[in-house]
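Working notes, structure below.
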Amino acid sequence: MRSTLLRFSFCLLVLCHGAWAAPENEAPNTHEFQLSNGLRLIVREDHRAPTVAHMVWYRAGSMDEINGRTGVAHVLEHMMFKGTDKVKAGEFSRLVAAVGGRENAFTSRDYTAYFQQVEKSKLDEVIKLEADRMSNLNFDDAEFLKEIQVVMEERRLRTEDNPSSLLNESLMATAYMSSPYRHPVVGWMNDLENMKATDARDWYRSWYTPNNATVVITGDVDPQAILATVTKYYGVASEKSLPVRKPQIEPPQKGVKRVEVKAPADSAQLSMAWKVPKLQPGKLDDTEPYALELLAAVLDGYDNARLNRVLVKQERVVNDVGVGYDMVSRGPELFLINVSMAKGKTIAQAESSIRKALQEIKQNGILESELKRIKVRILSDQIYKRDSIFGQAMEIGSTEMAGFSWRDIDLMLEKMQTITPAQVQAVAKKYLVDEGLTIAVLDPQVRKSADTGKGSK
Amino acid sequence: MLKMVRHILLPLWLILGVITSAHAILPIEKLESYKGAQAYLVQTKTLPMVDIEISIDAGDRYDPVAKSGLATVAGGLMNYGARTDKGSLSEAQIADEIADLGANFGISVSGERAVVRIRTLSRKDLRDRAVQLTSAILSAPTYDVKILAREKQRMTTALLEAETKPEAVLERRFKKAVYGTYPLANSPTVQSVANINAVDLQQFHRQFYRSDRMIVSIVGDVDKTEANEIVQSLLRKIPQSRAAIAKLPEFERSPIESLTQREVNIPFDSQQAHIAMGMTAVTRDNPDYFPLLVGNYVLGGGGFVSRLMSEVREKRGLAYSVFSYFAPGKDAGIFQAGLQTKSDQASVALEVMSSTIEQFIAKGPTQGELDAAKSNLVNGYPLRIDNNRKLLDNVSSIAWNNLPLNTMDIWTKQVEAVTLDQVKAAFQKYLAMDRMKIVIVGAKNQ
């Protein structure tokens, strides 16, 4: 078994190296341009089907917000559909629908992005629409007052009635004292209640400029033709100076922090989050972030990974487990382990089992075979992800927003392949320690029945 | 990374319900029938990978009432241990082998069918091992007693957790209301899961996991000969028994009832009230499917341009998400609409949703709305088939629903042919306000 595995992995490495990891050997399929107004354009050709994904990424997310106005990045995302001088409220969606397009938008801590997917001959039309609202957004107060109600409903749906979200919200607000990562992307309810249309307009004027935007287009396109179209429509916007971003560096943590959240639920949940480093732009040779990514996968990257095997299947102390770490982000990073309790088990038992599993790695390291398995997974995913042009645009955009280049993606994967079991063990020892640990516990409450009987209707 | 998304994305099975199209460029090839199983292939050569799906007529609707959850457990536990020619494979060995191959493997069980999917690199040695492993899982699962006990425990925990969630309580009660006497009305309970034992699983598997109840769909970098080999290798060890399986009851139309009979109000201490409204509708092979598909795009299927979204969200700010859809299966199908809103505005939101649907049934869409709907569906057609994953969804849906193999070629023509009168007639034929079941969870009086 083992020898087969080694031979297989080696072959796959060779295969992948030729096919994907050495783009200099094939015709370049990704092209990068910059317009004179500062807007960046990245085009990836993929001619498998006659469709295109068009995205514009603004490098402004909830981490750029200030206290009292949390959630404004996301509120503005909603308002972006509420009309420009030429396109009335609601028309944007109607025009995209008419050409058979799919559209959406999303806001994260690091960025806000808008996209359309269309058949390739319709691309110019959606570029025209998207470029228009980069500069000409023009919503009235009445539209804002209705939409802020919608955003509050969104917060009720995603957070207020969702104990896992409430737990995560408290975890972030506890782990970070100063970093704006402590605020939820959707914003605190009280800030939403006090949000004004001018807050959204100020946000738009501050951050929605061509020099803060990256357009990513993937699919069946000719890069030179696209450059002409993008220049024609996005080129008219003028460059503006961006607000100064203050560093807001999180002060070093000095010991374990704990927070408890009471919310209607049946099972208790536990989140353990350690402050860990992330990958820094220009420093792709740092090995620690790659080792942390691989550690996360060793713990939870496949069905028989360590935490799943030991905690869920052998000890049966937890019902579910999830591990999170993302080495590519603008803000500070956490290494997160979330579990929900198995029936009859306590938070203390789960915490002790997690600590034991981590101790095992710190003391004895991980097997070469475990790491190989994870690396094979990473390589095969490289091929699978080419199945989706949308997924490719997502990867390029989110990498760029964190301050890296799309060119770094393959490099990062190559570096990942060089990491040793000893390096994985070393980051576990160095970073998964109590000094940087925040623990959040969901204390389940019986949900009280409302006192209404039969409804009014 | 946490992201706030403007739309709520529909669950995959909903999208599958309305997708049945592909360019004539990539034809569906019918493979040799093997041991009574049907098999289909779409060749796509650009990526060195292949997606394989086995659909099995072994869904939740075959659960005995007292053992609701049996089909799901039988499907879900298949990869937790299997016998092969060379001996037994443990749960851990199977998981490690899948990971070592760089393959993706998944099993899901829905109302009508169990679905096993595997994605592998197309290189022959890797592909062969993935297929052999899947074959062992499909033909000879171990159903270990200890693993069953563990998984029952996990399922029970999840069921108890679901009872604290308004959306889960709503879905369970709505299913009960809308499916009536059809077996899909039942949902697993703590007791019904407790009743399931290892012998039940073995029996269920023997009875339903037979090649004559299976359909294999393949999309990717293999030719017809290789695809035939895959099918035979997958099914070689699976019995093709023909023992009779008891016929399911007919799926009956939701009856006309008074509001008090049709409406269920469940008190719940949540910030939002969750509301569902709906009734029985059509199967996928119904000739009225296209008028209903196009009409529903206007009513509540067209995202931001639908009437429900306009009335409930855009004009009144009452909800983040509001939708309607037809979920047409092979043997049963329903219509459902829904929203979530702040608890004290539930009655207002329900009123707006009801009157919007009522008016649509009575008057149908305008010509402008119909044209816009057709324009979106026809222009957007390439997006439904632009990767292997979506092609697999299409092939699988066509095969499962017994649709003609040229379904993907004529899909846009069928959409284009829909007229105003057809939409209006179809909505009036299948939907009626005095038949609509209504479930409300968490409303508070103002």
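Convention: sequence-line order gives letters A, B, ...; per-chain numbering from 1.
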Exercise for the section: Evaluate the side-chain proximity of B:P48 to A:I383: yes if any heavy-atom separation is below 4.5 Å, no if none is. Expected result: yes
Handout entry: chain B contacts, top residue of A:R94, A:E160, A:Q149, A:R316 (heavy-atom pairs, under 4.5 Å)
Key = A:R316
Problem - CD on A:E154 to OG on B:S321, rounded to 0.5 Å - result: 10.0 Å
Exercise for the section: Verify whether one side chain among B:Q272 and A:E153 offers a donor that lies under 3.5 Å from an acceptor in the other. Expected result: yes
Problem - Under 4.5 Å from a heavy atom of chain A, the part of B:F105 involved - result: neither
Problem - Part of A:M341 lying under 4.5 Å from any heavy atom of chain B - result: backbone
Practice task
Select, from B:R316, B:Q271, B:E163, the one with the greatest count of heavy-atom pairs under 4.5 Å involving chain A.
Solution key: B:Q271
Handout entry: Over all atoms of both residues, closest heavy-atom pair of B:A95 and A:N304
Key = CB-CB, 3.5 Å
Completion exercise
Residues A:D266 and B:T164: closest non-hydrogen pair is N-CG2, 3.7 Å
Practice task
Answer yes or no: is there a side-chain heavy-atom contact under 4.5 Å between B:T46 and A:R386?
Solution key: no
Problem - Part of B:A92 lying under 4.5 Å from any heavy atom of chain A - result: both
Handout entry: Which atoms of A:Y384 approach chain B - backbone, side chain, both or neither, heavy atom under 4.5 Å
Key = both
Problem - Heavy-atom side-chain proximity of B:D96 to A:Y302 below 4.5 angstrom - result: yes
Practice task
Measure the shortest side-chain to side-chain distance between A:E147 and B:R313 over non-hydrogen atoms and say whether it is less than 4.5 angstrom.
Solution key: yes
Problem - Option that, when pairs with chain A are counted at under 4.5 Å, heavy atom only, ranks first among B:L377, B:D51, B:N79, B:N104 - result: B:N104
Handout entry: CA sep, side-chain torsions, deciding dist, call: A:R373, B:D100, salt bridge (Lys or Arg N to Asp or Glu O under 4.0 Å)
Key = CA-CA 5 Å; A:R373 189 166 286 148; B:D100 289 343; 2.6 Å; yes
Exercise for the section: Just jot down the ring pair (Phe, Tyr, Trp, His ring centres under 6.0 Å) partners of B:Y297, sequence neighbours excluded, or say none. Expected result: none
Problem - Rounded distance (nearest 0.5 Å) linking atom CD1 of A:I389 with atom CG of B:L383 - result: 7.5 Å
Problem - Pair B:E91 + A:K313: basic N to acidic O under 4.0 Å - result: yes
Handout entry: Electrostatic pair B:R119:A:D387 at N-O distance under 4.0 angstrom
Key = yes
Handout entry: Residue among B:M49, B:K146, B:R150 with most heavy-atom pairs under 4.5 Å to chain A
Key = B:R150
Problem - Heavy-atom side-chain contact between B:E314 and A:S93 under 4.5 Å - result: no
Exercise for the section: To the nearest 0.5 Å, tell me how far A:R377 CZ sits from B:L101 CG. Expected result: 10.0 Å
Problem - Any side-chain heavy-atom pair of B:D269 and A:P264 under 4.5 Å - result: no
Practice task
Return the set of residues passing side-chain contact (heavy atoms from CB on, under 4.5 Å) with B:K374 (not counting sequence neighbours), or none when no residue passes.
Solution key: B:V294, B:L370, B:V415
Handout entry: Side-chain (B:E161) to main-chain (A:S267) donor-acceptor, under 3.5 angstrom
Key = yes
Exercise for the section: Would you please say whether a donor-acceptor pair under 3.5 Å links the side chains of A:R155 and B:Y320? Expected result: no
Practice task
Output the option from A:V312, A:N162, A:T112 having the highest count of non-hydrogen pairs under 4.5 Å with chain B.
Solution key: A:V312
Problem - Spacing of CG belonging to A:D161 relative to NZ belonging to B:K165, to within rounding of 0.5 Å - result: 10.0 Å
Practice task
Find out whether A:R48 and B:N387 are in side-chain contact, i.e. whether some heavy atom of one side chain is under 4.5 Å from a heavy atom of the other.
Solution key: yes
Handout entry: Ion pair check, A:D320 and B:R154, cut-off under 4.0 Å
Key = yes
Exercise for the section: Search all heavy atoms of A:G101 against all heavy atoms of B:N376 and return the closest pair with its distance. Expected result: O-ND2, 3.7 Å
Handout entry: Top contributor to chain A interface from B:N388, B:V305, B:I98 [non-hydrogen pairs under 4.5 Å]
Key = B:N388
Practice task
Could you check which of A:S340, A:A98, A:A49, A:A73 has the highest count of heavy-atom pairs closer than 4.5 Å to chain B?
Solution key: A:A98
